[in-house]
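In the text below, chain A, chain B and the rest are named by the order of the sequence lines, each starting its count at 1.
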There are 2 protein chains.
Amino acid sequence: MKLSTKSTYGLRAMVNLALKYDEGAISISDIAKKEDISVSYLEQLLNRLRHKGMLESVRGPNGGYVLAKRPKKITVGDIVRVLEGDTAPVYCVTNQARLKRSCRRSTTCVAKGVWEKLADAIDRVLDSVNLEDLARQAGDEVGHEKDISR
Amino acid sequence: MKLSTKSTYGLRAMVNLALKYDEGAISISDIAKKEDISVSYLEQLLNRLRHKGMLESVRGPNGGYVLAKRPKKITVGDIVRVLEGDTAPVYCVTNQARLKRSCRRSTTCVAKGVWEKLADAIDRVLDSVNLEDLARQAGDEVGHEKDISR
DNA sequence: TTTATACTTGACAAGAATAGTAGGGTATGG
DNA sequence: CCATACCCTACTATTCTTGTCAAGTATAAA
Ligand code: FES
Ligand code: FES
């Protein structure tokens, strides 16, 4: 019951992009260096987010990635769903037909109700936090550090 | 972000035991047959639950397993924590020292707040449902089926 | 006492998923 | 034209999952 690094790396990269939303394209290598993530691996993740309409890319020198929407419009759930496949805790209750696996028991299984409640709770949390929230939080922390240092 | 079959099989087995809580020991093979789970595999799961004080065993003919506490006192969270290791969605926020992995970023990582909220939501759901709830539900369904069949 | 039943334990193994690497190709600003 | 940076596919090492297998122990019943 663990999220893969795809989601955790991807979210951290997206927060980086949210923090520099108004500063043009940011390169993969910049993010990879700052977050200490393999460049090649991060390439795959950001590319997947681009294909799903979450990022736009600029090629050539000074190129990089930019959020395709305002940070407010991208939730953690959006990112996790793209990178993880879905957010369901068991295949029985995923709503993505592609991932749904045979579950003959679904009509009688007493556990199903629990998994459905769990899936709802997970989605509620993940969809309630967007990149603007996280960027603001990150900004506040930087400001706080500055205050302490003087 | 999927629970393994350890949790899902284990929970189903425990609900079976809850349904027959007053009928003495139930054998692994009975449960395995009813739930269509490999006997050897289920052995491992139930034994782990026994070591953690969730089950008691009776050896020899007519032996089997019995819940070590009243169904009301065993939650889905208890079972998942034993069989899955813990319920945290990322290693960064597990409260089990054994599983906690190096996360140098934990003091600065902006994502951590999300994972903590998520971990809380997951625990809230899993700890809010106990075996008595599930057994009652299973019993109701049987009754309902009977009503229809006449 | 013998025997069949059923739990106990540890080792092993196939398959899938994860977490990357590697290496080419394409677009573009300078 | 060339250095930069995205684009895309394939491959690999490691770990986790999902079991199987074999040998042993305890006990109720015949
Ligand atoms: S086995 Fe699929 S819902 Fe229980
Ligand atoms: S990397 Fe551990 S909390 Fe973000």
Below 4.0 Å: OP1/OP2 of [N] and any side-chain N or O of [X]:
X     : N      : result
B:S27 : C:dT5  : no
A:Y9  : C:dG20 : yes
A:S4  : C:dA19 : yes

Pairs involving residues 78-88 of chain B, ordered by first then second residue, that meet side chain to side chain donor-acceptor pair (under 3.5 Å) (sequence neighbours left out):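 Only A:K2-B:D86, B:S4-B:E84, B:S7-B:E84, B:T75-B:D78, B:R81-B:D123, B:R81-B:D127, B:D86-B:T94, B:T87-B:D123 qualify under side chain to side chain donor-acceptor pair (under 3.5 Å).
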
Among residues two or more places apart or on two chains, list those pairs meeting side chain to side chain donor-acceptor pair (under 3.5 Å) that have a residue in residues 13-23 of chain A.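 Passing the test, one end in residues 13-23 of chain A: A:N16-A:E35.
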
Strictly under 4.0 angstrom, non-hydrogen atoms only: write out the protein contact profile of nucleotides 22-30 of chain C, one letter per nucleotide from the 5' end, B, S or -. ---BBBBB-

Would A:L3 end up clustered with A:Y41 when hydrophobic side chains under 4.5 Å apart are linked, directly or stepwise?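 Result: yes, single cluster for both.
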
When clusters are formed by joining ILVMFWY residues with side-chain heavy atoms under 4.5 Å apart, either directly or through shared neighbours, do B:M14 and B:V39 land in the same one?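 Both belong to a single hydrophobic cluster.
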
Less than 4.5 Å apart, side chain to side chain, heavy atoms only: is that true for A:Y65 and A:L49?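 No, side chains not in contact.
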
Flag the pair A:I79 / A:L131 as yes when at least one side-chain heavy-atom distance between them is below 4.5 Å, and no otherwise.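 Yes, their side chains come closer than 4.5 Å.
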
Nearest whole angstrom, please: distance from the [atom2] of [N] to the [atom1] of [X].
X     : N      : atom1 : atom2 : answer
B:N47 : C:dT8  : CG    : C1'   : 6 Å
B:L3  : D:dC16 : CG    : P     : 17 Å
A:H51 : D:dC6  : NE2   : P     : 15 Å
B:K52 : C:dT8  : NZ    : P     : 16 Å
B:Y41 : C:dC7  : OH    : C1'   : 19 Å
A:I37 : C:dT18 : CD1   : C1'   : 15 Å

Candidates C:dT9, C:dC7, D:dA5 - which lies nearest the side chain of B:R50: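 Among the listed nucleotides, the one closest to the side chain of B:R50 is C:dT9.
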
Given D:dC7, D:dT17, C:dC7, which nucleotide is nearest the side-chain atoms of B:S57?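 Within the option list, the nearest is C:dC7.
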
What contact category does A:L46 fall into here, base, sugar-phosphate, or nothing, at under 4.0 angstrom with non-hydrogen atoms?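 Answer is nothing: A:L46 stays at 4.0 Å or more from every strand.
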
Calculate, to the nearest 0.5 Å, the distance between atoms CG and OG belonging to B:L45 and B:S40 respectively.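 These two atoms lie 11.0 Å from each other.
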
Rounded to the nearest 0.5 Å, what separates atom CD1 in A:I31 from atom CD in A:E43?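 So the CD1 of A:I31 and the CD of A:E43 are separated by 11.5 Å.
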
So if I apply the side-chain contact (heavy atoms from CB on, under 4.5 Å) rule between A:L118 and each of B:V129, B:I122, B:V80, which one comes out positive?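 Answer after filtering B:V129, B:I122, B:V80: B:I122.
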
Return the residues of residues 10-24 of chain B meeting this criterion: a heavy atom under 4.0 Å from some atom of DNA chain D. Order them by number, or give none.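 The stretch gives none, as no residue of it lies under 4.0 Å from the strand.
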
Can you give each donor-acceptor pair under 3.5 Å made by side-chain atoms of residues 50-57 of chain B, sequence neighbours left out, with the distance rounded to 0.1 Å?
residue : atom : partner : partner atom : Å
B:R50   : NH2  : B:N47   : OD1          : 3.1
B:H51   : ND1  : B:N47   : O            : 3.2

Could you list by number each residue of residues 76-90 of chain B showing a heavy-atom separation from DNA chain C of less than 4.0 Å, or answer none if no residue does?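 Going residue by residue through residues 76-90 of chain B, none turns out to have a heavy atom under 4.0 Å of DNA chain C.
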
